[in-house]
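In what follows, chains carry the letters A, B, and so on, assigned in the order in which the sequence lines appear, proteins first and then strands, with residues in each chain numbered from 1.
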Amino acid sequence: MPELPEVETVRRGLAPHIEGKRIAYVDLRRPDLRFPFPEGFVEALTGARIEKMDRRAKYLMTYLTGLTGDSWVWITHLGMTGRFTRSDLGSDDALADNSIADVSFTPGRFHNQLEVAKHDHVIIGLDDGSRLVYADPRRFGFMHLVQADALSQYPAFVNMGPEPLSSDLTLEDLLSRLSARASPIKQALLDQNIIAGLGNIYVCEALFRANISPKRLAKNVGKQRLARLIPAIQTVLSEAIAAGGSSISDFKSSDGALGYFQHNFDVYERADEPCSRQECAGIVKRLVQGGRSTFYCGTCQK
DNA sequence: AGGGGGACCTGTGCGC
DNA sequence: TGCGCACAGGTCCCCC
């Protein structure tokens with residue numbers, strides 16, 4: 001599911017409701033997601049105070065102060081189909097006035113019924129009576145636990161590329177990272193060690209906006225095109241965040257806060273449709289690169 | 001070291 | 001209605 005904008009949307013939806021709260025209980029419905037839950041996971045979270053929920057690339061980082069005063073970071077990756085849903089278990093009035101904050105990207109469910117759905121794998125109860133439910137049908141997501149002072153040694157972060165919406169992303173740096181790459185630019189941009197947080201949708205969309213062919217070799221993109229690509233990446237991500245992310249999939253229910261950026265896709269999942277540039281007579285095409293679909297206009301992307 | 005291919009899972013949609 | 005296949009927002013691991 002989630003690329004940077006969707007993960008950021010989840011973070012923004014949850015943070016104000018959970019920061020400062022204490023975790024009352026942790027209910028693991030199975031021993032693993034993609035990986036087994038870490039040793040001591042439940043013990044570390046139970047009773048801990050949630051200080052802050054942050055994001056790096058597609059990772060959610062929840063800073064905790066444990067019962068014994070130690071500082072932990074609870075790391076969550078949503079994989080392809082992971083989602084967090086928050087619900088207040090308070091009064092019926094609270095339900096009636098629609099105060100449930102559902103930040104899922106699939107049909108929302110009312111967890112006040114204390115029902116556990118098939119793919120609800122982790123249930124976190126907070127001291128204000130609310131609950132966080134982590135559901136993940138494919139279980140490509142995972143949770144880890146690291147000591148706060150060891151966060152930079154977390155394997156995925158060691159060689160991770162710059163945050164695209166920060167000043168860490170610079171033309172010179174990206175140029176040098178790409179100059180050694182023989183692979184097509186599409187595949188290079190999916191590498192989290194080149195730029196962090198992009199996924200299949202936003203790489204396709206950014207390349208379209210920058211008029212760059214996904215087939216062009218990374219090392220041949222050059223400074224001129226990169227000077228267009230960086231702002232293209234930043235604007236598409238910013239617009240997607242402002243839209244609450246992209247909710248792709250078939251929705252049968254309108255419960256929950258669905259993103260709507262999918263309505264603004266220029267190329268993604270638009271194969272055989274006309275290029276969205278008025279002046280371009282091209283047709284959007286699909287090809288497979290590195291086993292994943294790429295959508296692009298072969299007429300205006302060079 | 002970089003790159004290709006497969007693995008990990010479940011669900012959905014489509015053609016027959 | 002059922003079956004088989006392709007495909008899905010991501011990473012990780014093995015092998016060359």
Exercise for review: For the side chain of A:Arg286, starting at C-beta, report the closest nucleotide among C:dC7, C:dT11, B:dG3.
Suggested key: C:dC7
Review point. Nearest to the side chain of A:Pro137 - C:dT11, B:dG3, B:dG11?
Key: B:dG11
**Study point:** Atom-to-atom span, CG of A:Asn200 to C1' of C:dG10 - whole angstrom
**Key:** 10 Å
Practice item. Starting at the 5' end of DNA chain C, write a dot or bracket for each base, bracketing those in Watson-Crick or G-U wobble pairs whose two distances are under 3.5 Å and using | for partners on another strand. Key: .|||||||.|||||||
Practice item. With DNA chain C as reference, determine whether A:Tyr59 or A:Tyr202 sits nearer its 5' end, using the nearest nucleotide of each. Key: A:Tyr202
Practice item. Using the six-membered ring for Trp and the full ring for Phe, Tyr or His, decide whether A:Phe140 stacks on the six-membered base ring of C:dT11 (centres under 5.5 Å, planes under 30°). Key: no
Check your understanding: Are the aromatic rings of A:Phe41 and A:His144 close, with centres under 6.0 Å apart?
Key -> no
Practice item. In whole angstrom, give me the gap between the P atoms of C:dC5 and B:dA7. Key: 15 Å
Review point. So, is A:Ser293 close to the C:dA8 phosphate, meaning a side-chain N or O under 4.0 Å from OP1 or OP2?
Key: yes
**Study point:** Ring centre gap for A:Phe157 and A:Tyr59 strictly below 6.0 Å
**Key:** yes
Review point. Below 4.0 angstrom from OP1 or OP2 of B:dG2, is there any side-chain N or O of A:Gln187?
Key: no
Review point. Are A:Arg292 and C:dA8 close enough that a side-chain N or O sits under 4.0 Å from OP1 or OP2?
Key: no
Exercise for review: May I ask you to verify if any side-chain N or O of A:Gln192 is less than 4.0 angstrom from the OP1 or OP2 atom of C:dG10?
Suggested key: no
Point to revise | Atom-pair distance (CZ on A:Phe265; C1' on C:dA8), nearest Å | key: 13 Å
Point to revise | Touch class at under 4.0 angstrom, heavy-atom based, for A:Lys219 against every strand present | key: nothing
Check your understanding: Given atom CG of A:Leu4 and atom P of C:dG10, what is their separation to the nearest angstrom?
Key -> 11 Å
Exercise for review: For A:Ala156, answer base if it contacts any base atom (sugar-phosphate contacts may also be present), sugar-phosphate if it contacts only those atoms, and nothing otherwise; contact means non-hydrogen atoms under 4.0 Å.
Suggested key: nothing
Check your understanding: Can you find a donor-acceptor pair, distance only, under 3.5 Å between A:Arg138 side chain and B:dC9 base?
Key -> yes
Study note, to complete from the structure: Closest to the side chain of A:Glu3, out of C:dG10, B:dC9, C:dC12, is C:dG10
Check your understanding: For A:His119 and B:dG11, is the shortest distance between a side-chain N/O and OP1 or OP2 below 4.0 Å?
Key -> yes
Review point. Distance between the P atoms of C:dT11 and B:dT12, in whole angstroms?
Key: 23 Å
Review point. If we ignore angles and hydrogens, is there a donor and acceptor under 3.5 Å between the side chains of A:Glu6 and A:Tyr202?
Key: yes
Review point. Side-chain N or O of A:Lys118 less than 4.0 angstrom from OP1 or OP2 on B:dT10?
Key: no
**Study point:** Between P of C:dG10 and NE2 of A:His144, the distance in whole Å
**Key:** 18 Å
Exercise for review: Any chance you could measure A:Asn220, atom CG, to A:Arg225, atom CZ, to the nearest 0.5 Å?
Suggested key: 8.5 Å
**Study point:** Distance test, side-chain N/O of A:Arg34 to OP1/OP2 of B:dA7, below 4.0 Å
**Key:** no
Review point. Do A:Asp88 and A:Ser130 have a side chain donor and acceptor closer than 3.5 Å?
Key: no
Point to revise | Rounded distance in Å - CG (A:Leu189) to C1' (C:dG10) | key: 16 Å
Exercise for review: Assess the pair A:Tyr134 and A:His121: is the distance between their ring centroids shorter than 6.0 Å?
Suggested key: no
Check your understanding: Rounded to the nearest Å, what distance is computed from the CZ atom of residue A:Arg83 to the C1' atom of nucleotide C:dG10?
Key -> 16 Å
Check your understanding: Are A:Phe84 and A:Val133 close enough that some pair of their side-chain heavy atoms sits under 4.5 Å apart?
Key -> no
Point to revise | Polar contact flag, side-chain donor to acceptor under 3.5 angstrom, A:Gln301-A:Ser213 | key: no
Check your understanding: Separation of A:Arg181 atom CZ from B:dG3 atom P, in whole Å?
Key -> 5 Å
Review point. Whole-Å distance between B:dG2 C1' and A:Asp191 CG?
Key: 10 Å
Check your understanding: Do you know which of A:Thr62, A:Asp127, A:Ile124, A:Leu67 makes side-chain contact (heavy atoms from CB on, under 4.5 Å) with A:Ile23?
Key -> A:Ile124
